[in-house]
2 protein chains.
Amino acid sequence: MSKAEIAEFQLGPMNHVGVAVPDIENAIAFYRDVMGVIDISKPEVLAPQGVKYAFVNLPSGQVELIEPYGETSPILKFLERNPKGGQHHMCFEVEDIHDAKSVMETRGMRVLGEPRIGAHGTLVVFLHPGDAGGVLIELMESHKSCDGVDH
Amino acid sequence: MSKAEIAEFQLGPMNHVGVAVPDIENAIAFYRDVMGVIDISKPEVLAPQGVKYAFVNLPSGQVELIEPYGETSPILKFLERNPKGGQHHMCFEVEDIHDAKSVMETRGMRVLGEPRIGAHGTLVVFLHPGDAGGVLIELMESHKSCDGVDH
């Protein structure tokens, strides 16, 4: 990766905010019945990441509700500290996840692991919150159409 | 407010995610130089709410960086618990802040204080995180054009 390519790196749209919840069905009921959100997806399991998730879709913007799945779920620790739940991560889109990982590492960020498939079906990585103002940041490769162009 | 009006209440777009930071200039440099964000506003003070703030504008979505301002800033306590900073609140738009407050109270939510002017120049209220899955939720009246219609 050349210096010019690194300098050109731009962060894409905010894709979603991850909110950890102790009980996803209760959380869905809260966003539907109290907050007045109509479009909420059915919970699904993403076993490799140790989460059950559902998307709360606003007219623009999205909240990803995540409940721990399995005994080694990374969400369990978060809920020990925050038993009612809370904001867990922010997810931003990038054009190419491998380029983004390389740029982040060049800039001194700790990237947690290798790119893996996230809840939206594209590759994601997480950045160490200790390097990012205490915020767990997820980078997610944008969906690409068949012509290879981002949309 | 009639039962029909309450039933019709719908949450609007996610407006921004509030991120508390110990030093707003450092945070701006991080989002600009490391994360590759081009459009970041200059810090401004919102004295009544005890914050200095700046907006990190993504192609879609927005992060509001908030640094404590004054000795009674509500952000000070958050930073005591999270010295590096962290995700502080999620802000969603509503059509009418007084209607939204009334609907939230009818549905058993604790609304923190009366509507007041927020960083975007429209009225906002906050909901108690203890009633909202550990998340501090800000409701913000959408900007209206001169014809009184939301845009």
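Predicted model, so just to flag it, every value in this text is computed and none were measured.
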> Atom CG in A:Leu127, atom CZ in A:Phe92: separation rounded to 0.5 Å?
Replying inline: 10.0 Å

> Any chance CZ of B:Phe30 has more than 12 other-residue heavy atoms, nucleotides or ligands included, within less than 6.0 Å?
Replying inline: yes

> Do you know which of B:Pro83, B:Gly61, B:Gly12 has the most heavy-atom pairs under 4.5 Å to chain A?
Replying inline: B:Gly12

> After noting the C-alpha distance and the side-chain angles of A:Leu139 and A:Leu11, does the key distance pass the side-chain contact (heavy atoms from CB on, under 4.5 Å) rule?
Replying inline: CA-CA 9 Å; A:Leu139 298 179; A:Leu11 198 62; 3.8 Å; yes

> When you measure from the side chain of A:Lys52 to the backbone N and O of A:Val45, does any donor-acceptor pair fall under 3.5 Å?
Replying inline: no

> Can you tell which of B:Phe126, B:Phe78, B:Tyr53 makes a ring-ring contact (aromatic ring centres under 6.0 Å, His included) with B:His89?
Replying inline: B:Phe126

> Who among B:Pro129, B:Ala20, B:Gly86, B:Gly108 has the most heavy-atom pairs with chain A under 4.5 Å?
Replying inline: B:Gly86

> Who among B:Asp23, B:Ile137, B:Leu65 has the most heavy-atom pairs with chain A under 4.5 Å?
Replying inline: B:Ile137

> Out of A:Lys84, A:Gln87, A:Met90, A:Met109, which one racks up the most heavy-atom pairs below 4.5 Å with chain B?
Replying inline: A:Gln87

> When only pairs under 4.5 Å are counted, which of A:Asp33, A:Val21, A:Val37, A:Asn26 shares the most heavy-atom pairs with chain B?
Replying inline: A:Asp33

>> Which residue is it: A:Glu141, A:Glu93, A:His143? I am looking for the one with a side-chain contact (heavy atoms from CB on, under 4.5 Å) to A:His120.
In response: A:His143

> Between A:Met14, A:Gln62, A:His88, which has the largest tally of heavy atom pairs under 4.5 Å with chain B?
Replying inline: A:Met14

> Relative to chain B, which of A:Asn82, A:Asn15, A:Leu136, A:Ile38 shows the most heavy atom pairs under 4.5 Å?
Replying inline: A:Ile38

